[in-house]
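This report concerns only the one structure given below.
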Amino acid sequence: MGKVHVVGAGPAGSVAAISAIRSGYDVSLYEEHPCAGVPTNCSGLISKEGLESLKGFIDYRKHAIHKMRGAILDFAGFQLKVDSKKDIAYILNRASFDAELAANAEREGAKVIYSKKMEKPFPEGTIIGADGPNSTVASSFLFPRIPRFVGTAQAEVRYDGAMPEFARVFLSNERFPGFFAWLIPKNEEIADMGAGCVLPGNPRRALDSLSKYAGIPIPKEQRHFIIPLMQRPLTAARIRKRNILLAGDAAGQVKSTTGGGVVFGTKCAALAGKYADFPERYEQEWKEKYGPDLDAHYRLHKSLCQLNDDSLRTIGSLASTLQIERFLEEKGNMDRPTSMLCPELLLHPLSLLKNRD
Ligand SMILES: Cc1cc2nc3c(=O)[nH]c(=O)nc-3n(C[C@H](O)[C@H](O)[C@H](O)COP(=O)(O)OP(=O)(O)OC[C@H]3O[C@@H](n4cnc5c(N)ncnc54)[C@H](O)[C@@H]3O)c2cc1C
């Protein structure tokens with residue numbers, strides 16, 4: 001088997017590296033920073049089911065700093081509480097999680113090279129670009145651009161301690177055009193407060209608006225990042241006699257509804273490592289396996305971001321009347337919306353009518 005160069009030691013890059021080694025490739029993993037996981041941009045909210053699916057690569061449990069059992073959804077002022085009454089997600093320490101994944105890649109035989117920014121000319125061999133939303137690999141090899149991004153502004157704030165196991169999600173296209181804002185407790189004292197809007201919108205203004213709405217002052221130290229909201233139209237190709245594959249944020253393998261990219265990005269990265277010398281197979285297989293759920297997230301995102309705040313309130317109120325939260329508590333799935341397309345979805349409103357009789 002040949003040489004594979006994985007660019008970026010985020011979760012996608014480390015998983016791609018481990019998977020490529022297990023498939024028999026000689027792997028080098030490059031990270032532009034002196035270590036993996038820093039600086040961190042992520043709130044670290046990841047579904048338990050998604051983390052369990054990563055068990056072959058990392059034991060996530062020691063990086064889980066807080067558990068979550070539900071969410072309070074604020075539809076432009078109308079609130080709906082979804083309480084699954086069990087742990088459905090964890091807040092991870094992303095810095096230590098990413099560092100251990102990269103260490104696991106090294107332990108399995110990858111040559112890990114830190115403080116090395118990869119750019120043209122790239123070394124001979126297959127390249128897996130797992131270098132995040134601003135992928136240098138993608139632009140160097142002229143892959144088509146990701147058409148839609150969200151800009152985010154985020155800060156760590158003191159938390160009032162109320163319902164620390166619930167994420168708060170604020171939907172309002174007047175305040176956070178095309179995305180949403182969030183308050184994610186990391187424990188009973190600290191939370192991540194953030195807001196996003198589709199670019200070229202102004203995420204700082206969105207965060208300011210959340211601060212006023214939630215009555216929480218913004219600390220001086222803010223972090224700003226971008227999140228891809230659509231898949232890249234092409235994620236793998238044979239270019240100039242070599243194989244180039246993109247995985248994770250570089251490929252736009254992100255849930256458009258939430259911006260969460262760890263679960264799908266790593267699942268796809270595992271395929272990129274496995275099929276490093278078969279770009280067409282990689283593209284076909286990740287699209288077959290994960291495309292329907294990623295597309296469902298995108299369709300839901302597009303529908304929600306077209307609604308004005310009056311319509312959002314109406315939807316929240318309708319969802320409450322139909323007790324949709326009860327359906328979500330039982331059948332909800334943070335990652336796989338297609339799994340919710342079950343007969344119960346149709347039977348749920350009928351059961352409400354029956355109970356009323
Ligand atoms: C505000 C915010 C909150 C988020 N919250 C969540 C959340 O709660 N849950 C969730 O699942 N996702 C969340 N995400 C998304 C999540 O952080 C990303 O989807 C995930 O980190 C993508 O992993 P990746 O490995 O593809 O890319 P990255 O994590 O971006 O890793 C890419 C790596 O490549 C390195 N690199 C880049 N260019 C080069 C180069 N030329 N040479 C060498 N190295 C390079 C970078 O330094 C970096 O280490 C959030 C994102 C943001 C912005």
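Nothing fancy with the numbering, it's 1 onward along the sequence. Atoms within each ligand, like the ligands themselves, are counted from 1 in listed order.
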Practice problem: Compute the minimum heavy-atom distance from Gly194 to ligand 1 and say whether it is under 4.0 Å. | Solution: no

Quiz prompt | Under 4.0 Å to a heavy atom of Val7 - the qualifying atoms of ligand 1, by number | solution = 40 (C), 42 (N), 43 (C)

Quiz item: For the residue pair Phe170 and Tyr213, does the interplanar ring angle fall in the parallel (under 30°), tilted (30 to 60°) or perpendicular (over 60°) class?
Solution: perpendicular

Practice problem: Could you walk me through whether Phe57 and Asn104 pass side chain to side chain contact (heavy atoms under 4.5 Å, CB included), step by step? | Solution: CA-CA 7 Å; Phe57 299 95; Asn104 289 351; 6.0 Å; no

Quiz item: Would one find an N or O of Cys42, backbone or side chain, under 3.5 Å from an N or O of ligand 1?
Solution: no

Self-check item: Any N/O pair Ile46/ligand 1 closer than 3.5 Å
Solution: no

Quiz item: Does even one non-hydrogen atom of Arg94 get within less than 4.0 Å of ligand 1?
Solution: yes

Quiz item: Would Lys116 count as a contact of ligand 1 if the rule is a heavy atom under 4.0 Å away?
Solution: yes

Exercise. Could you give me the CA-CA distance, side-chain angles and deciding distance for Asp74 and Arg168, then say whether salt bridge (Lys or Arg N to Asp or Glu O under 4.0 Å) is met?
Key: CA-CA 7 Å; Asp74 185 310; Arg168 289 171 188 228; over 6 Å; no

Quiz prompt | Over all atoms of both residues, closest heavy-atom pair of Pro11 and Asp98 | solution = CD-OD2, 3.4 Å

Quiz item: Atoms of ligand 1 less than 4.0 Å from Thr136 heavy atoms?
Solution: 41 (N)

Exercise. Show which atoms of ligand 1 fall inside a sub-4.0 Å distance from at least one heavy-atom site of Tyr30.
Key: 43 (C), 44 (N)

Practice problem: Can you sort out which atoms of ligand 1 are near Phe225, meaning under 4.0 Å from one of its heavy atoms? | Solution: 53 (C)

Exercise. Check ligand 1 against Ala130 and write out every atom of the ligand that is under 4.0 Å from a heavy-atom position of the residue.
Key: 32 (C), 33 (C), 34 (O)

Practice problem: Work out whether the distance between some heavy atom of Gly265 and some atom of ligand 1 is less than 4.0 Å. | Solution: no

Quiz item: Taking the side chain from Asp309 and the backbone from Asn173, do they hold a donor-acceptor pair closer than 3.5 Å?
Solution: yes

Practice problem: Give the residue, atom name and distance (to 0.1 Å) of the protein heavy atom nearest atom 31 (O) of ligand 1. | Solution: Gly10 CA, 3.5 Å

Quiz prompt | Pairs touching residues 226-247 that satisfy salt bridge (charged side-chain N to carboxylate O under 4.0 Å, His left out), sequence neighbours left out | solution = none

Practice problem: Give the residue and atom name of whichever protein heavy atom lies nearest to atom 5 (N) of ligand 1, and the separation in Å to one decimal. | Solution: Ser43 N, 3.1 Å

Quiz prompt | Atom indices of ligand 1, in the order listed, that fall short of 4.0 Å to a heavy atom of Lys117 | solution = 41 (N), 42 (N)

Practice problem: Write out the residue and atom name of the closest protein heavy atom to atom 38 (N) of ligand 1, then the distance separating them to 0.1 Å. | Solution: Asp131 CB, 3.4 Å

Quiz item: Of all heavy-atom pairs between Ile46 and Met334, which one has the smallest distance, and what is that distance?
Solution: C-CE, 4.4 Å

Practice problem: For Asp131 and Val137, indicate whether the former's side chain and the latter's backbone hold a donor-acceptor pair under 3.5 Å. | Solution: yes

Quiz item: Is Gly260 close to ligand 1, meaning an N/O of one under 3.5 Å from an N/O of the other?
Solution: no

Self-check item: Numbered atoms of ligand 1 (with element) below 4.0 Å of Asn41, judged on heavy atoms
Solution: 1 (C), 2 (C), 3 (C), 17 (O), 52 (C)

Self-check item: Closest approach of any protein heavy atom to atom 25 (O) of ligand 1, naming residue and atom
Solution: Ala12 N, 3.0 Å

Practice problem: Classify the ring geometry between Tyr275 and Phe278 as parallel (under 30°), tilted (30 to 60°) or perpendicular (over 60°). | Solution: perpendicular

Practice problem: Carefully, step by step, assess Gln284 and Glu280 under the rule side-chain hydrogen bond (donor to acceptor under 3.5 Å, both in side chains). | Solution: CA-CA 6 Å; Gln284 186 187 347; Glu280 282 174 13; over 6 Å; no

Exercise. Considering heavy atoms of the protein only, find what lies nearest to atom 15 (C) of ligand 1 and give residue, atom and distance to 0.1 Å.
Key: Gly259 O, 3.4 Å

Quiz item: Quick one: are Arg148 and Pro228 in side-chain contact, heavy atoms under 4.5 Å?
Solution: no

Quiz item: Are any of the heavy atoms in Gln154 under 4.0 Å away from ligand 1?
Solution: yes

Quiz item: Would you say Leu45 and ligand 1 have an N/O pair spaced under 3.5 Å apart?
Solution: yes

Quiz item: Quick one: which of Lys255, His224, Glu31, Arg223 has a heavy atom closest to atom 47 (O) of ligand 1?
Solution: Glu31

Quiz item: With a cut-off of 4.0 Å, which atoms of ligand 1 are near a heavy atom of His33?
Solution: 47 (O)

Practice problem: Write down the atom of Tyr290, the atom of Cys268, and the distance for their closest heavy-atom approach. | Solution: CD1-SG, 3.7 Å

Practice problem: Using the side-chain hydrogen bond (donor to acceptor under 3.5 Å, both in side chains) rule, take Thr235 and Lys287 through it: C-alpha gap first, then chi angles, then the decisive distance, then the call. | Solution: CA-CA 10 Å; Thr235 63; Lys287 285 191 170 162; 5.3 Å; no

Quiz item: Side chain, backbone, both or neither: which part of Ile227 has a heavy atom under 4.0 Å from ligand 1?
Solution: side chain

Quiz item: Of all the non-hydrogen atoms in the protein, which one sits nearest to atom 41 (N) of ligand 1, and at what distance?
Solution: Met118 O, 2.9 Å

Quiz item: What is the nearest protein non-hydrogen atom to atom 34 (O) of ligand 1, stated with its residue, atom name and distance?
Solution: Gly8 CA, 3.1 Å

Quiz prompt | Which residue and heavy atom of the protein sit nearest atom 30 (O) of ligand 1, plus the separation | solution = Gly132 CA, 3.7 Å

Practice problem: Kindly write out the residues that satisfy ring-ring contact (aromatic ring centres under 6.0 Å, His included) with His5, not counting sequence neighbours, or none if the list is empty. | Solution: Tyr30

Exercise. Examine the proximity of ligand 1 to Glu32 and report which part, side chain or backbone, both or neither, has a heavy atom under 4.0 Å away.
Key: both

Quiz prompt | Backbone N/O of Glu100 and side chain of His63: donor-acceptor pair under 3.5 Å | solution = no

Self-check item: Ala206 to Gly196 - nearest heavy-atom pair and separation
Solution: CB-O, 4.5 Å

Quiz item: Do we get Lys186 above Tyr159's six-membered ring, with its NZ or CZ under 6.0 Å from the centre and within 45° of the axis?
Solution: no

Self-check item: Closest to atom 23 (O) of ligand 1 among Gly248, Ala16, Pro11 (heavy-atom distance)
Solution: Pro11

